[in-house]
**Student:** 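Take a look at the following structure, please.
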Amino acid sequence: MTDCLQQLIIGLRLGSVYALVALGYTMVYGIIRLINFAHGDFIMVGGYTLYFTVPILLHSMGLPAWTGVLAAIVICALVGVVVELVAYRPVRRKGTSMSALITAIAMSLLLENLAQAIPAMGPNPRVISDEIFSTAPMSIGGVSVNMAAVVTIIIAAIVMAALQLFVQKTKLGRAMRAVSENKEASTLVGINVNRTIVTTFAIGSGLAAVAALMYCAQYHTVTTTMGSMLGLKAFVAAVMGGIGLIPGAMLGGIVVGIIEALVTAYISSSLANAVVFLILIVMLLVKPAGILGKNVGEKV
């Protein structure tokens, strides 16, 4: 029983990271119906930002290591906005959904290879030697849980709730929902569609920085390809929960994290990724809209 509880906590921690990344996928897809495959690489950008800023904040300025996430949010948001303005907006105006998808994959590869070409980053892993959350472990049901896991789960829940309130209650959130429904009609009622899309990219990219903090707090290692598999699993989580739905992204992330933890513990770690993607295939066959999604027929 204790071992099972331990695996569930590990799954919740993993799932919370996936959920934070999936929220970024969901926001962008909900607005412009684009699968932003470069989103996983924004996590890499956030991870390297933490690698450079944490020692400065902790040892030179005497600030907590986790405050590095503020710089990471700013940098990731800027990268997200630049990617939208330089790559996605021109394709959105003149291209098709297929060309937009290819552009997203190309941007992902560009960010990874560009990071490898920068000497301060390079192809070799970088280690954040300092503890980001240094509080002593907690005991839950006889299981020792480190503070990074607890903080990750709490922050994911808070971010999801705040994002849901933001989208439902604020003027900008209502503008986002309007643009997702009908861009032309939104323009007619005075909504600046391009500004709304850019803001969505900035928020989604900022969430990737928070996910990078949670990941680095647990694993302490940053690589140029760290966002690839993490981004794919978060995409699986978004689709599984119901892509375009904020609660769906959270639920999908938790489900994927728990499945991965249980398969790793009780079957084989080498099969964990395969099982996650297999479940995605089954989900697409049985309920394509996801757990919380609703199947909507297309008008022809």
Side-chain angles (χ1 to χ4, degrees), residues 13-29 34-51 72 75-77 79-80 82-84 87-88 100-118 120-128 152 156 201 204-241 243 249 252-253 255-257 259-261 263-264 269-281:
R13 176 184 57 76
L14 277 173
S16 297
V17 175
Y18 296 152
L20 286 169
V21 185
L23 286 170
Y25 273 115
T26 285
M27 288 194 69
V28 173
Y29 181 83
L34 169 69
I35 305 298
N36 181 20
F37 281 113
H39 188 72
D41 296 287
F42 297 159
I43 303 169
M44 176 267 294
V45 173
Y48 274 102
T49 303
L50 291 169
Y51 170 74
I75 297 297
C76 285
V79 171
V82 169
V83 168
E84 145 63 13
Y88 295 154
L101 180 63
I102 294 171
T103 302
I105 296 172
M107 284 306 307
S108 174
L109 296 172
L110 174 64
L111 289 173
E112 288 180 16
N113 286 277
L114 185 61
Q116 291 183 15
I118 298 174
M121 296 173 155
N124 298 320
R126 306 291 181 177
V127 177
I128 301 175
T152 300
F201 265 85
S205 304
L207 291 175
V210 179
L213 176 73
M214 300 298 103
Y215 181 90
C216 293
Q218 191 67 34
Y219 298 108
H220 297 276
T221 303
V222 182
T223 66
T224 54
T225 57
M226 63 182 285
S228 298
M229 184 55 69
L230 195 57
L232 280 175
K233 290 180 182 177
F235 172 65
V236 171
V239 173
M240 190 176 293
I243 194 164
V255 170
V256 170
I259 290 172
E260 183 179 342
V263 171
T264 300
S269 60
S270 60
L271 289 176
N273 292 340
V275 171
V276 168
F277 293 118
L278 177 62
I279 291 175
L280 172 65
I281 294 171

**Student:** Could you give the distance from CZ (F235) to OG1 (T26), rounded to the nearest 0.5 Å?
**Tutor:**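 One finds 10.0 Å between CZ of F235 and OG1 of T26.
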
**Student:** Aromatic rings Y215 and Y219: how do their planes relate, parallel, tilted or perpendicular, breaks at 30° and 60°?
**Tutor:**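 Taking Y219 first and then Y215, their aromatic rings sit tilted (interplane angle of 30° to 60°).
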
**Student:** Given the rule in the side chain to side chain contact (heavy atoms under 4.5 Å, CB included) test, do S205 and V79 qualify, once you have shown the distances and angles that lead to the verdict?
**Tutor:** CA-CA 8 Å; S205 304; V79 171; over 6 Å; no

**Student:** What residues, two or more places apart in sequence or in another chain, satisfy side-chain contact (heavy atoms from CB on, under 4.5 Å) together with A19?
**Tutor:**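 With neighbours one apart ignored, the set is M250.
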
**Student:** Would you say I243 and I35 make side-chain contact, with heavy atoms under 4.5 Å?
**Tutor:**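 Yes, at least one pair of side-chain atoms sits under 4.5 Å.
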
**Student:** Taking the side chain as C-beta and beyond, is there a heavy-atom pair between M240 and V256 under 4.5 Å?
**Tutor:**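 Heavy-atom side-chain distance check passes, below 4.5 Å.
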
**Student:** Which atoms form the tightest heavy-atom contact between C216 and L50, and what is the distance?
**Tutor:**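 Answer, listing the atom of C216 first, then L50: SG-CD1, 4.2 Å.
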
**Student:** Name every donor-acceptor pair, under 3.5 Å, that has one atom in a side chain of residues 101-118 and the other anywhere in the protein, sequence neighbours excluded.
**Tutor:**
| residue | atom | partner | partner atom | Å |
| --- | --- | --- | --- | --- |
| T103 | OG1 | S99 | O | 2.7 |
| S108 | OG | D41 | OD2 | 2.5 |
| E112 | OE2 | S228 | OG | 2.6 |
| N113 | ND2 | L109 | O | 2.7 |
| Q116 | NE2 | T224 | OG1 | 3.2 |

**Student:** Ignoring hydrogens, what is the shortest heavy-atom contact between L34 and V28? Give both atom names and the distance.
**Tutor:**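 That closest heavy-atom pairing would be O-CG1, 3.7 Å.
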
**Student:** Is the shortest heavy-atom distance from the side chain of L232 to the side chain of F277 under 4.5 Å?
**Tutor:**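 L232 reaches F277 side chain to side chain.
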
**Student:** Ignoring hydrogens, what is the shortest heavy-atom contact between A237 and A22? Give both atom names and the distance.
**Tutor:**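 Between these two residues, the closest heavy atoms are CB-CB, 4.3 Å.
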
**Student:** Can you check whether V127's main-chain N or O pairs, donor with acceptor, with H220's side chain at less than 3.5 Å?
**Tutor:**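 Side chain of H220 to backbone of V127: no pair is present.
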
**Student:** Not counting sequence neighbours, which residues clear side-chain hydrogen bond (donor to acceptor under 3.5 Å, both in side chains) with E260? List them please.
**Tutor:**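 With neighbours one apart ignored, the set is Y18, K233.
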
**Student:** For residues V21 and A211, report the shortest heavy-atom separation together with the two atoms involved.
**Tutor:**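 V21 and A211 have their closest heavy atoms at CG2-CB, 3.6 Å.
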
**Student:** Find the distance between CG (L20) and CG (L213) and round it off to the nearest 0.5 Å.
**Tutor:**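 That separation rounds to 10.0 Å.
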
**Student:** Looking at side-chain heavy atoms only, is the closest gap between T152 and Q218 below 4.5 Å?
**Tutor:**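 No, every pair of side-chain atoms sits at 4.5 Å or beyond.
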
**Student:** So do T49 and C76 actually touch side chain to side chain, heavy atoms under 4.5 Å?
**Tutor:**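 They are not in contact (no side-chain heavy atoms under 4.5 Å apart), so the answer is no.
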
**Student:** List the atom of I43, the atom of A212, and the distance in Å for their closest heavy-atom pair.
**Tutor:**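 Looks like O-CB, 3.5 Å.
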
**Student:** So, for L207 and G24, which heavy atoms are closest and what is the spacing to 0.1 Å?
**Tutor:**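 L207 and G24 have their closest heavy atoms at CD1-N, 4.2 Å.
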
**Student:** What's the verdict on side chain to side chain contact (heavy atoms under 4.5 Å, CB included) for Y48 and I75, showing C-alpha distance, side-chain angles and the deciding distance?
**Tutor:** CA-CA 10 Å; Y48 274 102; I75 297 297; over 6 Å; no

**Student:** Check whether H39 reaches the backbone of G231 with its side chain - one donor and one acceptor, N or O, closer than 3.5 Å.
**Tutor:**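 Pair absent, no side-chain N/O of H39 close to backbone of G231.
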
**Student:** Report the residue from I259, V255, I281, V276 that forms a side-chain contact (heavy atoms from CB on, under 4.5 Å) with V236.
**Tutor:**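 Result: among I259, V255, I281, V276, V276 is the only option passing the side-chain contact (heavy atoms from CB on, under 4.5 Å) with V236.
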
**Student:** Classify the ring geometry between Y88 and F201 as parallel (under 30°), tilted (30 to 60°) or perpendicular (over 60°).
**Tutor:**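 Geometry flag for F201 against Y88: tilted rings.
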
